[in-house]
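Let me begin by presenting the structure, written as C-alpha cells, before commenting on it.
In what follows, every heavy atom counts, from backbone to side chain, and hydrogens, waters and symmetry copies are set aside. Numbering of residues begins at 1 and proceeds along the displayed sequence.
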Amino acid sequence: MHELTVALLQMTPHGNDQAANRSKGEAFCRQAREMGADIALFPEMWNIGYNFDREAGEGAPDHRSPEESFGDLWRAPERWKAEGARHDLVPEAVVAAWQAQAIERDGDFVTLFTSLAKELNMAIALTYLERWDGPPRNSVSIIDRHGAIAMTYAKVHTCDFDLPEAACTPGDGFYVCTLDTAQGGVQIGAMICYDREFPESARVLMLKGAEIILTPNACDLEANRIGQFRARAFENMVGVAMANYPGAGMGHSVAFDPIAFDKSGQARDPLIVEAGEGEGIYLARFDLDTLRDYRTRETWGNAFRRPQRYGLLTSLAVEPPFARVNADGEPYDRSKR
C-alpha cells in the first residue's frame, strides 16, 4: 500500500513575532517527521499568525452604531449606512504597518524551511504574507523533500469583506504540482481558507489533475464549513487536508478522502481525521492506491459534466440580493480585484 501522510500542524502562534513563529514552526516540523509525516501543512499566514492588530487603530473616529462590527463593512446597498469610510475606522498607517510585515519568497523565513525540508526529507506547505508588487499576497509555498519550491499559490478568494485581506492582492489562478514523495509522484493542489467555500476552487484543481488538495485555514470550523470541505472531496474525487489554528471555536483541522462507497456499493465515512480545539499535530493518512482506484471507477469528477452549459459561471455581473458596496459606500467591483 502506498500511504501518504500529511501532518496537520494545529499550532498557537506567537502573535506577529516572526522569529518565534519560525522557531515554533521548525520544532513542529521536526516532530511531524518523527511521527512519520511525508508533508507538514501549516495554518494560514503562519509567519505573522494571521494577526491584524485592530487595537492599533484605537483613537481613530468610529461612527459605527453599537451593533455594527468591523466584520460588517461590506453589505447589500439597502443595508449600507454611510457613517464613515474604512479609513475612518482603521487608519491607513495601521494597514500599511501590517502590510510591511510581508516577507520575500526567497527571504530568511522561507529559506529556513527549504533547508529544513531537505534535512528532514519531508515536504513542507509553508504559509506566509508574501511581499508583492503592490499589496502583499496570502500565500503558501509547497516545498518538496529536496528543498525546492515546487509551487507557490496565492489565495484567490481573499476575504474582501473585511480587513486584513481587503489589503491583499488576490492570486491569479489555481495550480497543481507533481510532488516527489517517498510514495512516488503525487499531484498536489492548494487552496486557502475562504477558497474552499467556493466549489469552483476545488473543481479547477481537480480538472488540473490534483489528487490531494492542501488547505491552510484561519477561521472557526463548525459543522457547516466542515460539511462543505467534505463535499469538495466527494464531488471531485480528491483527498483534502486542512490545517487550522487552535482555540475556542477554532481547531478541528480535518482531512477527508473522496471514497464515499466501497466496491460493494456500501456507503462509508470518508473522514480520515478531525482534531479537537487544542494544539497538536494530527496525522492524515491517505491510501493512494485505493484513492486512485476509486477515481477510475466512479461517476463524479469530470466525465459526465456539461461545461458547455455553465457559461453564466464566468460572468462578472452581480445582481440583488448579492450586490454589495464597499466600506466607502461605492459598488464593490470584483473585476478590479
Side-chain angles (χ1 to χ4, degrees), residues 4-11 13-14 16-50 100-133 136-155 168-169 171-192 205 210-218 241-243 245 281 283-284:
L4 182 76
T5 301
V6 181
L8 312 179
L9 307 184
Q10 187 164 292
M11 301 180 290
H14 294 279
N16 58 5
D17 184 337
Q18 298 202 37
N21 289 337
R22 181 173 57 192
S23 295
K24 184 165 189 174
E26 177 183 358
F28 267 63
C29 283
R30 291 186 181 280
Q31 184 178 348
R33 186 67 185 115
E34 290 177 2
M35 295 168 69
D38 296 297
I39 305 172
L41 175 60
F42 279 77
E44 184 178 8
M45 211 183 288
W46 174 253
N47 75 303
I48 57 172
Y50 202 89
Q101 297 176 95
I103 59 176
E104 299 283 357
R105 192 184 305 179
D106 58 357
D108 291 345
F109 192 100
V110 178
T111 56
L112 179 141
F113 289 96
T114 58
S115 297
L116 184 65
K118 184 176 182 179
E119 175 192 338
L120 299 178
N121 193 38
M122 178 185 72
I124 298 174
L126 177 68
T127 63
Y128 52 101
L129 182 65
E130 181 185 12
R131 189 167 296 157
W132 199 244
D133 183 15
R137 304 197 311 177
N138 182 344
S139 298
V140 56
S141 285
I142 310 298
I143 305 167
D144 69 22
R145 64 188 177 124
H146 309 294
I149 295 179
M151 75 172 185
T152 295
Y153 165 72
K155 188 175 185 178
C168 284
T169 296
D172 57 4
F174 295 96
Y175 304 100
V176 172
C177 66
T178 302
L179 192 66
D180 176 45
T181 75
Q183 310 305 324
V186 181
Q187 299 299 303
I188 298 292
M191 57 186 181
I192 298 176
L205 289 169
E211 297 177 293
I212 306 290
I213 299 175
L214 303 179
T215 310
N217 200 74
M242 175 163 47
Y245 288 99
I281 298 174
L283 297 182

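Summarising the geometry, atom CD1 belonging to Ile213 is positioned 4.5 Å from atom CG belonging to Leu205; distances are rounded to the nearest 0.5 Å. Residue Met45 holds its CE atom at 12.0 Å from CZ of Arg137, rounded to the nearest 0.5 Å. One distance of note links CD of Gln10 with OH of Tyr245; it measures 11.5 Å at 0.5 Å rounding. Taking NE2 of His14 as the reference point, atom NZ of Lys24 lies at 4.5 Å (rounded to 0.5 Å). Atom OG1 of Thr178 sits about 11.0 Å away from atom CG of Asp144, to the nearest 0.5 Å. Between Leu126 atom CG and Leu116 atom CG the span is 10.0 Å, to the nearest 0.5 Å.
Counting non-hydrogen atoms of neighbouring residues, nucleotides and ligands closer than 6.0 angstrom, the NZ atom of Lys118 reaches no more than 12 such neighbours.
A 4.5 Å side-chain heavy-atom check between Leu9 and Ile281 finds at least one atom pair inside the cut-off. The shortest distance between side-chain heavy atoms of Leu214 and Val140 does not fall below 4.5 Å. The shortest side-chain heavy-atom distance between Arg22 and Asp108 falls under the 4.5 Å cut-off. Residues Thr114 and Ile143 form a side-chain contact, since some pair of their non-hydrogen atoms from C-beta on lies under 4.5 Å apart. Taking the side chain as every heavy atom from C-beta outward, Leu129 and Cys168 approach each other to under 4.5 Å. Residues Ile48 and Pro13 have side chains not in contact (no heavy-atom distance under 4.5 Å, counting atoms from C-beta outward). Residues Ile212 and Ile39 are not in side-chain contact: their nearest non-hydrogen atoms beyond the backbone lie 4.5 Å or more apart.
Thr5 and Gly36 get closest at one heavy-atom pair: CB-O, 3.8 Å. In terms of heavy atoms, Ala40 sits closest to Met122 at CB-CE, 3.8 Å. Shown here for Thr152 and Ser139, the closest heavy-atom pair between the two residues is CG2-CB, 4.1 Å. Taking both residues in full, the closest heavy atoms of Leu283 and Met35 are given as CD1-O, 3.6 Å, listed atom of the first, atom of the second, then distance. Scanning all heavy atoms of the two residues, the minimum distance from Ala210 to Gly189 falls at CB-N, 4.1 Å.
Residue pairs meeting the salt bridge (charged side-chain N to carboxylate O under 4.0 Å, His left out) criterion with at least one partner in residues 33-47, sequence neighbours excluded, are Glu44-Lys155.
Side chains of Thr127 and Tyr50: a donor-acceptor N/O pair is absent below 3.5 angstrom, by distance only.
For Arg105, the salt bridge (Lys or Arg N to Asp or Glu O under 4.0 Å) criterion is met by Glu130, not counting sequence neighbours. Here Phe174 pairs with Tyr153 under the ring pair (Phe, Tyr, Trp, His ring centres under 6.0 Å) rule; sequence neighbours left out. Every residue two or more places apart in sequence or in another chain that forms a salt bridge (Lys or Arg N to Asp or Glu O under 4.0 Å) with Arg145 is listed here: Asp180. Judged as a ring pair (Phe, Tyr, Trp, His ring centres under 6.0 Å), and not counting sequence neighbours, Phe28 has no contacts. Checked against salt bridge (Lys or Arg N to Asp or Glu O under 4.0 Å), Arg131 has the following partners two or more places apart in sequence or in another chain: Glu104.
Between the Thr181 side chain and the Gln183 main chain, a donor and an acceptor come within less than 3.5 Å of each other. A donor-acceptor pair under 3.5 Å is absent between the side-chain atoms of Ser23 and the main chain of Ala20, judged by distance alone. Between the side chain of Gln18 and the backbone N or O of Gln101 there is at least one donor-acceptor pair closer than 3.5 Å.
Checked for salt-bridge contact, Arg30 and Glu26 meet the test: a charged N lies under 4.0 Å from a carboxylate O.
Between Tyr128 and Phe113, the ring center distance fails the sub-6.0 Å criterion.
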